[in-house]
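Here's the structure we're looking at; comments come further down.
All values below were derived from every heavy atom in this structure, side-chain atoms included, with hydrogens, water molecules and symmetry-related copies excluded. The sequence lines fix the lettering, A, B, ..., with proteins before strands; numbering per chain opens at 1.
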Protein chains: 2
Amino acid sequence: MPKPAPEPEVAPLRENAIVSPLAESPAFLVRLAQLRAFDEFHRNFAGLGVTPAGFSVFALIVANPGIRPGAIAEELRVKPSNVAVLVNGLVSAGLVRREADQAELRASLLHPTAAGSRAWREMDRIQRETDAQFAAGLTPAERSQFVTLLRKLLHR
Amino acid sequence: MPKPAPEPEVAPLRENAIVSPLAESPAFLVRLAQLRAFDEFHRNFAGLGVTPAGFSVFALIVANPGIRPGAIAEELRVKPSNVAVLVNGLVSAGLVRREADQAELRASLLHPTAAGSRAWREMDRIQRETDAQFAAGLTPAERSQFVTLLRKLLHR
DNA sequence: ACCGATTATTAAGGTGCATAATAATCCCCT
DNA sequence: AGGGGATTATTATGCACCTTAATAATCGGT
C-alpha cells in the first residue's frame, strides 16, 4: 500500500485565508482603528446632536473659554474654514456663542453658553465611556503605552 | 500722573497655553494620526491615480487574485456597496478586471490586469516609503510595538 | 418549483476635510 | 497720517469615503 493519498493535488489553500498585505502597515491599521472609533462615537453619542469633529471643537471651547477659531484650527490640525462651519453648528445648537474681542476686532472669542456647560458634563462622561470601549481590547498598561506611542508619533 | 499701568488687571495667563482635554483620548489621537497618514499618502501617491481607500482594495486584489467584493468588504470593515464603487474606479483606471465565477454566478472574481500588476510594483515600493515616513518618529522597536497594539485593539 | 437568503450593484445622503474667494481689521513704514 | 501687505475669519464649492435603501440576479432548501 503505497500512499493513502490524503492530500488533494493542488494546495488546499483555505478559501477564507485572505492574505492581508497591509496588516503590517501602521498607516493602514490606524485607518481601520479610526473607523472603529467613529463607530463607537456614533453609537454612544446618538441623539446628542454633535459629530466627532464638532465634539472635538466643543471640548476645546469648554476647556479654554474665549479661545479663538484660529487656535482651534491649529490645535486640531485642520483649516480655519472648517472650524468656522463646525462652530456654526455648535452655535445653532445653542451650545456656544461668539463674542467680539475688544482688542482684536477681527477675532471672535468662543464661549460655551449656560446650556452648553450643562450639556458638556454629560458629553464628557460619555466620551470617557466611549474611549474605554474603544480601548477595551488593551490592558490599562497597554492603553497607556498606546497613547504614549501615538503622541510621540504625532509630535513631529 | 496717577499710574504707569504696566500690568493688566487680570492674570496674564500665557495666551498660547491651550488646554487639550482630548490629549489622553486614544480615539482622538487615532483621528489625528489618521489625518497625518492621509497627508503622507497624498504627498507620495500624487499622480498615481489611486486614493487611500482604492489603494487598500487594490492591494487586497493583487495579494488575492480572484477575491470577491464581499470578502474585501469584510476585510476592510466597510459595506459592500462602498467596495463596488471603489472597484469601479480601479476598473476604469485599467488596473482591475471583473470576471464571472462559474460556480457562483452572483459573484464576481476580481483580478489585477497586466497593467495593474505592473503598476503594483511601483505602488508597493511607494507604500513602504510612505509607512516609513509616517512612523519616522518611532524607533523600529516602537513601531513594531505600535503595530502589535493596533492589531490587538482591532482584533475585537 | 417556489421563496427566503445571499451577493452585488446603483442611487442618494451625510460627514469631514480641502482650496479659493471675500471681507474686515491690524500693523508697520515712509 | 496714510497706504499696503499681513492676519483673522467666514462663506462657497468640491472631493473622498462611508452609510442606508432600493434593485437585480442567483442560490438552495423544502
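- Between E99(A) and S108(A), the side chains place no donor N or O within less than 3.5 Å of an acceptor N or O (distance only, hydrogens not considered).
- Between Q34(A) atom CD and dG16(C) atom P the separation is 10 Å, expressed in whole Å.
- Across all strands, A84(A) comes closer than 4.0 Å to base atoms (heavy-atom distances).
- When the P atom of dT20(D) is taken as reference, atom NE2 of H42(A) falls 11 Å away, rounded to whole Å.
- Of the two residues near DNA chain C, D39(B) and Q102(A), the one whose nearest nucleotide lies more 5' is D39(B).
- Of the N and O atoms on the side chains of S25(A) and Q127(B), at least one donor lies less than 3.5 Å from an acceptor on the other residue.
- Remark on DNA chain D: of its neighbouring residues P80(A) and D101(B), the 5'-side contact belongs to P80(A), judged by nearest-heavy-atom nucleotide.
- Classification of the F38(B)-H42(B) ring pair by plane angle, with boundaries at 30° and 60°, yields perpendicular.
- Taking only side-chain atoms of S108(B), from C-beta outward, the nucleotide of dA9(D), dC18(D), dT9(C) with the closest atom is dT9(C).
- Atom CG in L35(B) sits about 14 Å away from atom C1' in dC17(D), given to the nearest Å.
- Applying the 4.0 Å criterion to OP1 and OP2 of dG16(C), one finds that R31(B) has every side-chain N and O outside that range.
- Closest to the side chain of P69(B), out of dT19(D), dA8(C), dT25(C), is dA8(C).
- L95(A) and L109(A) fall into different hydrophobic clusters, where Ile, Leu, Val, Met, Phe, Trp and Tyr side chains are chained together by heavy-atom contacts under 4.5 Å.
- When rounded to the nearest whole Å, the span between CD of E99(A) and P of dA9(D) equals 14 Å.
- Rounded to whole Å, atom P of dC17(D) lies 13 Å from atom CZ of F55(B).
- If you take CZ of F28(B) and P of dG16(C), they are 13 Å apart, rounded to a whole angstrom.
- Side-chain proximity of R106(A) to the nucleotides dT19(D), dG16(C), dT8(D) is greatest for dT8(D).
- Residue N82(B) places none of its side-chain N or O atoms closer than 4.0 Å to OP1 or OP2 of dC17(D).
- The side chain of R68(A) contributes an N or O atom lying less than 4.0 Å from OP1 or OP2 of dT8(D).
- Heavy atoms of S81(B) sit under 4.0 angstrom from at least one base atom.
- Taking the six-membered ring for Trp and thresholds of 30 and 60 degrees, F55(A) and W120(A) have nearly parallel ring planes, at less than 30 degrees apart.
- Of all nucleotides listed (dT26(D), dA8(C), dT25(C)), dT25(C) comes nearest to the side chain of L105(A).
- When distances are taken from the side chain of A53(A) to each of dT8(D), dG16(C), dA25(D), the shortest belongs to dG16(C).
- Distances shown here put a side-chain N or O of R98(A) below 4.0 Å from the OP1 or OP2 atom of dT10(D).
- Per the geometry, CZ belonging to F41(A) stands 13 Å off C1' belonging to dG16(C), to the nearest Å.
- Distance check: H111(B) NE2 to I67(B) CD1 gives 11.0 Å after rounding to the nearest 0.5 Å.
- Atom CG of L86(B) is separated from atom C1' of dT9(C) by 13 Å (rounded to the nearest Å).
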